[in-house]
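Step one of this worksheet: look at the structure below.
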Amino acid sequence: LITNIAPLSTNYLHVLFRTSDIIKSSGGSLVAVFHMNGKSYSLNIRDGSSETIDTTNGYKTKSSGTIEKDEKIAFPGKCEFYLEKITISSEIKPPKATGVYVYKKADEGNKLIDLCFCYKNTSEKRISADDAIKSAKLTYQSKYEYTASGFIEEKGRSEFTYLNITNINPLCYEYIHVTFQVPNEVANNAKGLPVTLTINGVKYSVTIK
């Protein structure tokens with residue numbers, strides 16, 4: 001907050017919560033907890049049942065192996081994710097970019113191999129997006145290794161921003177990009193290349209197709 005409240009004056013403060021659509025459509029109870037002047041207060045927003053929301057519909061547990069495009073994988077109570085698409089290009093733009101926007105461009109003589117994952121936080125607390133997908137590595141000819149950089153979409157998939165400054169709230173999903181900059185030689189022979197990465201502490205592989 002950058003606004004001061006003068007003594008004996010009255011101001012109206014708005015507290016906003018970014019939540020999942022599941023919260024809006026479910027019948028579960030909602031309670032907001034505030035901390036003011038060293039004390040805690042609770043505000044009952046909506047009465048309802050203490051229902052458990054099924055977050056594994058259509059998803060399966062997979063603790064190792066190769067991830068295929070659109071394959072839905074779940075760790076109950078932790079996360080759900082799937083690989084939305086793989087792009088090989090000289091630049092990567094937000095899917096719904098309009099006006100002025102940030103995009104990723106490869107250096108001259110290079111291309112970007114970009115893996116876009118849809119990642120949903122099904123835990124009870126928000127997590128740093130930087131912790132969602134870890135240790136990504138691409139290998140060419142079984143010996144040349146390339147490490148990834150990561151970024152995340154925001155503003156309705158119209159912008160890119162950094163993982164380490166973004167949180168994923170409970171029951172919310174975000175689109176996370178795992179991107180490798182490689183020489184054109186590698187990009188032109190990318191079919192069949194293996195990518196290894198760690199999600200929720202489990203190592204997986206993705207084959208570029």
Check: Do you know which two heavy atoms are closest between Ala106 and Leu112, and how far apart they sit?
Finding: CB-CG, 3.8 Å
Check: Say you draw a straight line from SG of Cys118 to CD of Glu84; how long is it, rounded to the nearest 0.5 Å?
Finding: 7.0 Å
Margin query: To check you understand the geometry: which heavy-atom pair defines the closest contact between Gln181 and Tyr146, and what is its length?
Written below: O-CD2, 3.9 Å
Notebook entry, point to check: Have Thr166 and Thr161 got a donor and an acceptor in their side chains that come within less than 3.5 Å?
Noted result: no
Note to self: If I take atom OG from residue Ser128 and atom CG from residue Leu163, how far apart are they, to the nearest 0.5 angstrom?
What the structure shows: 7.5 Å
Notebook entry, point to check: Between Ile73 and Thr61, is any pair of side-chain heavy atoms under 4.5 Å apart?
Noted result: no
Item checked: Thr207 side, atom OG1; Lys209 side, atom NZ - distance, nearest 0.5 Å -> 6.5 Å
Notebook entry, point to check: For the side chain of Thr122 and the backbone of Cys79, is there at least one donor-acceptor N/O pair under 3.5 Å apart?
Noted result: yes
Next item on the list: Identify whether the distance between the nearest side-chain nitrogen and carboxylate oxygen of Lys69 and Glu71 falls below 4.0 Å.
Entry: no
Next item on the list: Any chance you could measure Phe151, atom CZ, to Glu159, atom CD, to the nearest 0.5 Å?
Entry: 12.0 Å
Margin query: Treating Asp131 as the side-chain partner and Ala129 as the backbone partner, does any N or O pair qualify as donor plus acceptor under 3.5 Å?
Written below: no
Next item on the list: To the nearest 0.5 angstrom, please state how far the NZ atom of Lys203 sits from the OG1 atom of Thr196.
Entry: 6.0 Å
Checklist line | Aromatic Tyr204 / basic Lys62 pairing, under 6.0 angstrom, 45° off normal | finding: no
Note to self: Can you confirm whether more than 12 heavy atoms, excluding those of Gln141, are under 6.0 Å from its CD atom?
What the structure shows: yes
Checklist line | Any donor-acceptor N/O pair, Glu153 side chain to Pro94 backbone, under 3.5 Å | finding: no
Item checked: side-chain hydrogen bond (donor to acceptor under 3.5 Å, both in side chains) evaluation trace for Thr179 with Ser149 -> CA-CA 5 Å; Thr179 306; Ser149 60; 5.1 Å; no
Notebook entry, point to check: Once the angle between the rings of Phe160 and His177 is folded into 0 to 90°, is it parallel (under 30°), tilted (30 to 60°) or perpendicular (over 60°)?
Noted result: perpendicular
Checklist line | Heavy atoms from other residues, nucleotides or ligands near NZ of Lys137 exceed 12 (cutoff 6.0 Å) | finding: no
Notebook entry, point to check: Any donor and acceptor pair, going by atom type alone, linking the side chain of Thr139 with main-chain N or O of Tyr144 inside 3.5 Å?
Noted result: no
Margin query: I'd like to know whether Ser123 forms a side-chain hydrogen bond (donor to acceptor under 3.5 Å, both in side chains) with Asn121, so could you lay out the CA-CA distance, the side-chain angles of the two residues, the decisive distance to 0.1 Å, and finally the verdict.
Written below: CA-CA 6 Å; Ser123 70; Asn121 175 17; 2.6 Å; yes
Margin query: Within the 4.5 Å heavy-atom criterion, are Ile208 and Ile86 side-chain neighbours or not?
Written below: yes
Margin query: Using the side chain to side chain contact (heavy atoms under 4.5 Å, CB included) definition, which of the options Asn169, Ile168, Asn167 pairs with Ile127?
Written below: Ile168
Next item on the list: Answer whether the closest heavy-atom distance between the side chains of Leu115 and Leu83 falls below 4.5 Å.
Entry: yes
Next item on the list: With the side chain counted from C-beta on, respond yes when Lys85 and Thr87 share a heavy-atom pair under 4.5 Å apart, and no when they do not.
Entry: yes
Margin query: Check for me, please, whether Val195 and Phe81 land in the same ILVMFWY cluster - side-chain distances under 4.5 Å, paths through other members count.
Written below: yes
Margin query: Would you say NZ of Lys134 has more than 12 non-hydrogen atoms from neighbouring residues, nucleotides or ligands within 6.0 angstrom?
Written below: yes
Notebook entry, point to check: Taking side chain as C-beta onward, heavy atoms only, is Val182 less than 4.5 Å from Ile113?
Noted result: yes
Item checked: Pro170 side chain near Glu124 side chain, heavy-atom distance below 4.5 Å -> no
Next item on the list: Indicate the atoms forming the closest heavy-atom contact of Ala187 with Ile88, along with that distance.
Entry: CB-CG2, 4.1 Å
Checklist line | Check: Ile92 and Tyr103 side chains under 4.5 Å, non-hydrogen atoms | finding: no
Item checked: Residue pair Val202 / Phe75, side-chain heavy-atom distance below 4.5 Å -> yes
Notebook entry, point to check: Which atoms form the tightest heavy-atom contact between Tyr175 and Tyr82, and what is the distance?
Noted result: OH-OH, 4.1 Å
Check: How many angstroms lie between atom OG of Ser89 and atom NZ of Lys105, to the nearest 0.5 angstrom?
Finding: 10.5 Å
Next item on the list: Of all the heavy-atom pairs spanning Ile199 and Phe117, show the shortest one and how long it is.
Entry: CD1-CE2, 4.3 Å
Next item on the list: Identify the heavy atoms of Asn189 and Leu193 that sit nearest to each other, and give their distance.
Entry: O-CG, 3.9 Å
Margin query: I'd like to know if Arg157 pairs up with Glu174 as an ion pair, taking the criterion as any Lys NZ or Arg NE/NH1/NH2 lying under 4.0 Å from an Asp or Glu carboxylate oxygen.
Written below: no
